2 protein chains.
Amino acid sequence: MLEKSWLVLDAFRPTGGPLRLADVAERCHLPKTTAFRLLTELTAIGAVARRQDGYYLGRRLFELGCIVPLERDLRHAALPFMHDLYEATHETVHLGVRDGLDVVYVEKIRGQEAFALPSRVGGRLPLTCTGIGKALLAYAGPDLIEEVLGRPLRRLTPHSIVDPRRLEEAIGQIQAAGLAYEREEAQIGGACIAAPVFHEGAAVAALSVSVPLPRFHPTRLAPAVKAAALGISRALSRPFPAGPV
Amino acid sequence: MLEKSWLVLDAFRPTGGPLRLADVAERCHLPKTTAFRLLTELTAIGAVARRQDGYYLGRRLFELGCIVPLERDLRHAALPFMHDLYEATHETVHLGVRDGLDVVYVEKIRGQEAFALPSRVGGRLPLTCTGIGKALLAYAGPDLIEEVLGRPLRRLTPHSIVDPRRLEEAIGQIQAAGLAYEREEAQIGGACIAAPVFHEGAAVAALSVSVPLPRFHPTRLAPAVKAAALGISRALSRPFPAGPV
DNA sequence: CAATGCGTTCCGTGCCACGGAACCCCGACC
DNA sequence: GGTCGGGGTTCCGTGGCACGGAACGCATTG
């Protein structure tokens, strides 16, 4: 039952709803009755909310989601530096972590002249198609790099890197410079520059600034991104205040 | 099983972990074996993560929590205005909604000289002890006001309003001015000013600026808070872009 | 009116959630 | 070194309940 209930919750990706009973049943490949039963229970629990137009993910998920410690602690450390970076650039600032072969976006400050980006907090994109992902990959160690190079590379745009040799080359450059660049690999018309954030010698996250391509001036952005990432790394090496603020 | 599993997840409030098996069992009043079984399954699902020092809430909750639509849509609309307000004041900016008799904090931008506040995103505080809560209450309609006034009022500090007559008076003032003030009711040494955010004639959220008391100048803050809240209300009356950004 | 599609209820069946007891491991203490 | 206690893990009999097909109720459409 438990596994099925999470299947149901996942059916609400990526928008959180609204879904009708029949939609949920179909997405989960569950009998209608089972889906109904699960939705009813999840609604009682608060993990799902029912409105006139259908079911939505519910507040209880929001409340628990906010206290997931990894992401919470990382956000806590990173947000001041991200705000500084945002104030310096007024462009979209992202913080992401690696989970398997994906970037999971942990925080995002949208730029003033925001353009549509495929990223969202809590969302995932392939490591190999994004600045953050490549920065994380470059410092993830030889085993993971090997693994990634040994698989078909995913493509988000015609510019996405799908040639393992190109990727290997890019990784080398990232390792040399401590910075990752991305041009239209995740989004046509978009570019970004990313730097890894370290904790106890490992790259636990990466920080990026995303820009429309015509406005992309790497040499101008690089020092600010690097400084902010370094600031976060330093903040992460200090102990956290105990308990909730 | 489903209900018990959410009991287990709630055992991780408010910090998200670390908890040992025995802690979880005790908090949930469940037999150790049951708690172990549930934790093991939740770990397999990704809702809980196990580390050397114990169990934590897991990433899957984070990912789903980010797409809970009410909070997501409200954040999306409010964040630009909150950033503007933050840039104008450099103080802590909150956005909260009402759930039952609580404020649930939906977003928070921490001030540069942050001081410890009891609020956190995804957390709850009593309506009657906070600026946001009082703003929400004032526009929640007579039934809820009656209900709240008819119950013992909760206290967070010695300054918290626990006299129904005082609260009623405060509500009247908020309704007259369209602004709620709070002085040391939620936190000794803290103050804030809050304004409601409307959507289709109802106060669906409220926005506040929180300040250490010595720095609290309501007349200076009021126009900015009110303008930002109005901006959010306006943004909420416009249709949203469909799907994830 | 009939058909269709939506959600909801009913209930027989067999799956599995439950949890006490036993077990294993490790660290602390005598 | 042996014992104890506390942490977690495994085992398995039992009865609780998850499951889902079928039936039902309602609204809409042709």
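In the text below, chain A, chain B and the rest are named by the order of the sequence lines, each starting its count at 1. Everything numeric in this text was worked out from a predicted model, so none of it was measured.
Between A:E41 atom CD and C:dT8 atom C1' the separation is 15 Å, expressed in whole Å. Atom NE2 in A:H29 sits roughly 17 Å away from atom C1' in D:dG20 (whole-Å rounding). Between the C1' atom of D:dG7 and the CG atom of B:D53 lies a distance of 14 Å, rounded to the nearest Å. What separates CG of B:L38 from C1' of C:dG19 is a distance of 11 Å, to the nearest Å. Between the CE atom of A:M1 and the P atom of D:dG16 there is a distance of 17 Å, rounded to whole Å. Atom CG in B:D23 sits about 11 Å away from atom C1' in D:dG7, given to the nearest Å. At whole-Å resolution of the value, CZ in B:F36 and P in C:dA17 are 15 Å apart. The distance from atom CZ of A:R51 to atom P of C:dC6 is 21 Å, rounded to the nearest whole Å.
Using a 4.0 Å heavy-atom criterion, one finds that A:K32 contacts the bases of the nucleic acid, with or without backbone contacts as well. Counting non-hydrogen atoms under 4.0 angstrom, A:R37 reaches a base of the nucleic acid.
For D:dG20, the OP1/OP2 oxygens have a side-chain nitrogen or oxygen of A:T34 closer than 4.0 Å.
Seen from the ring of B:Y56, B:R51 counts as a face-on cation partner, given the 6.0 Å and 45° thresholds.
Residue order along DNA chain C, read from the 5' end via each residue's closest nucleotide, puts A:T40 first among A:T40 and A:L2.
Of the candidate nucleotides C:dT8, D:dG7, C:dG20, C:dG20 has the atom nearest to the side chain of B:T33. For B:R50, whose side chain is taken as the heavy atoms from C-beta onward, the closest listed nucleotide among D:dG8, C:dG7, D:dG20 is D:dG8. With distances taken from any side-chain atom of A:P31 to the nucleotides C:dG20, D:dG21, D:dG8, the minimum falls on D:dG21.
Taking every heavy atom of both residues into account, B:L207 and B:A228 meet most closely at CD2-CB, 3.4 Å.
Among A:S119, A:S210, A:S208, the one residue that satisfies the side chain to side chain contact (heavy atoms under 4.5 Å, CB included) test with A:K108 is A:S119.
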Test side chain to side chain contact (heavy atoms under 4.5 Å, CB included) on B:R37 and B:M1 and set out the steps.
CA-CA 10 Å; B:R37 212 171 14 83; B:M1 185 181 207; 3.9 Å; yes
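In this pair, B:Y139 and B:F198 present their aromatic rings perpendicular. The plane angle is above 60°, beyond the 30 to 60° band.
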